[in-house]
Number of protein chains: 2
Amino acid sequence: MIKLKVEKKVVTISQYKEIANTLKERIRNGDYRPGQHLPSQKKLGNEFNTSRVTIQKALDELSNANLILRRQGSGTKVAPNSQSTLDILSSQYEGTTKLFEGRGKVSTKVLKFQIRLPSSHEQKRLAISDSTPVYDVLRLRNVDEEPYELDHSVMPLSVIQNLTETIASKSIYDFIETTLGLKVGSSIRKITADIPQKNDIEYLKCDHGEPILQVSQTVHLSDGRAFEYSQTRHRYDKGGIIVINNTLSTNGLDA
Amino acid sequence: MIKLKVEKKVVTISQYKEIANTLKERIRNGDYRPGQHLPSQKKLGNEFNTSRVTIQKALDELSNANLILRRQGSGTKVAPNSQSTLDILSSQYEGTTKLFEGRGKVSTKVLKFQIRLPSSHEQKRLAISDSTPVYDVLRLRNVDEEPYELDHSVMPLSVIQNLTETIASKSIYDFIETTLGLKVGSSIRKITADIPQKNDIEYLKCDHGEPILQVSQTVHLSDGRAFEYSQTRHRYDKGGIIVINNTLSTNGLDA
DNA sequence: CAGTGGTCTAGACCACGTT
DNA sequence: ACGTGGTCTAGACCACTGC
């Protein structure tokens, strides 16, 4: 365990994550090249002056990120597609604002901002009661002045408080993480294609006949509470959704 | 480590996976209910007569699958949405054939089956040279006699051998796993919406103006070799793609 | 057969939440 | 103060691969 002081706060970073980051950096730099073998766990243990179990936890991180391939008896190799995986990892989806930083000018227009009671479908998705009010926010995102996506979010006041229209016009995720100090956890998304509706035509400037890519998602905090149920509708010609699947947790013998 | 004999072959199952499956089963059965605390790691260690580290590896499995929430100092709870996560887990995407078993009659028509040399784009995606021949297979999937998806797959002969039109009309994934004895590993997918093309209209019976949901993917074996680059085009009214995101490997301090 | 990664232990110390 | 989960160790045995 390593302790650092960052702005009067003590931050501890576990050794295995430090090692994982170092190894990730070596792959990024090309110190370890795709297809090449990494040093054995024993050698890495010597190099970092730690036990083999700790090295293994570090390698677990890289393995989960699809950066390495481990084979009993044979050794650990850098994945052939490690570079593209690194690219994708560093541009993780975390709301639109972060995704486009440095790649274009993002602006957000709040089209609707109100507080109301949830529909029964929303109650189910957010696991809240019919008496818990929600924010109902409709926003249009532009990238470089061109309409990019139309986002309809519903968030319970029991989880997110003091949201304002001004905040919604910037980044809600940033507000949640920085101001409220909450941590975003898992999400479940359903991706579909759809025919453009009135709103799409008006705000995204679609024609009839131009398909919409819709992402419907429920997002949770790291403590498990659902904090957002949203539909985001994209113009079909402005990119798609990239998904990495690493065959986790399909361990064979159960249903 | 537990040893079992399955059809003359000795199969070993690690203890932590056994325990993970048992715990998963308890969540499925409702022995542990959403929001409820699991027994502490210490107690679980006593129950399964094993060390705490082994229990932790088992919990890692459940945590990666988004079934539990662990908090230092507070304990381990069953995730509020554990039931829906279990549903999704058991219907993992593994080619269309498996996905629809029991839910409808699946039939496959092979529209094209040939061997040719790869385009430069295909060479890049499959990490093969321009002299490695590939299978080029176009297939139409029907579910309950209704057109469901149009699949265009390119697979290198250096990885997949002895593929035939008959096999392609059943399940290529089953052939790869059962007959060739290869293990499917990670995949990278890009999901987009598109305007219907000639083939879509002809085979999927789309109208002009009915969008297509396209999944373009590269799929790898567990040894890292890419074995399939494909575009699968779905009718927009026949379901979407479900994606779970568990915030893995974003450990904060690196780029 | 030597070297590799996979699993497992018994015990230790720490950080964190709750009481 | 206590109990929880997080990290770490030193060493052990095993399964698998490749020479």
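Here is how names work: the chains are called A, B, and so on, in the same order as the sequence lines, proteins then strands, and each is numbered from 1.
- A tilted orientation is assigned to the rings of Tyr135(A) and Phe113(A), their planes being inclined by 30° to 60°.
- For Leu59(B) and Val53(B), each mapped to the nucleotide of DNA chain D holding its nearest heavy atom, the one lying further toward the 5' end belongs to Leu59(B).
- A salt bridge does not link Arg125(A) with Glu122(A): none of the charged nitrogens is closer than 4.0 Å to a carboxylate oxygen.
- Checked against Leu157(A) for a side-chain contact (heavy atoms from CB on, under 4.5 Å), the options Ile128(A), Asn162(A), Leu163(A), Ile115(A) give a single hit: Ile115(A).
- Here the side chain of Thr50(A) is nearest to one of dC8(D), dT4(D), dG6(D), namely dC8(D).
- Nucleotide dC8(D) holds its C1' atom 11 Å from the OH atom of Tyr16(A), rounded to whole Å.
- With dA10(D), dC8(C), dG5(C) as the candidates, the nucleotide lying closest to the side chain of Ser51(A) is dA10(D).
- Between the CG atom of Asn46(B) and the P atom of dA10(C) there is a distance of 11 Å, given to the nearest Å.
- Taking atom CZ of Arg52(A) as the reference point, atom P of dA12(D) lies 13 Å away to the nearest angstrom.
- Leu86(A) places a side-chain heavy atom less than 4.5 Å from the side chain of Gln83(A).
- Distances shorter than 4.0 Å separate none of the side-chain N or O atoms of Arg70(A) from OP1 or OP2 on dT4(C).
- Taking atom NZ of Lys57(B) as the reference point, atom C1' of dT9(C) lies 13 Å away to the nearest angstrom.
- Rounded to whole angstrom, the span from the CG atom of Asn49(A) across to the P atom of dT7(D) amounts to 19 Å.
- Side-chain atoms of Thr166(B) and Ser169(B) form no donor-acceptor pair, as typed in the model, at a separation below 3.5 Å.
- OP1 or OP2 of dT9(C) sits under 4.0 Å from a side-chain N or O of Thr54(B).
- Contact annotation: Ser40(A) reaches the phosphate of dT4(C) (side-chain N/O to OP1 or OP2, under 4.0 Å).
- At whole-Å resolution of the value, CD1 in Ile55(B) and P in dT4(D) are 14 Å apart.
- In this structure, the NZ atom of Lys77(B) is 14 Å from the C1' atom of dT4(D), given to the nearest Å.
- Regarding contacts with the backbone of dT7(C), a side-chain N or O of Ser14(B) is found under 4.0 angstrom from either OP1 or OP2.
- Counting any heavy atom pair closer than 4.0 Å across all strands shown, Arg71(B) reaches sugar-phosphate atoms only and no base atom.
- Remark: P of dG11(C) and CD of Gln56(B) are 16 Å apart, rounded to the nearest angstrom.
- When the nucleotides dT4(C), dT9(D), dC16(C) are ranked by their closest atom to the side chain of Gln72(B), dC16(C) comes out on top.
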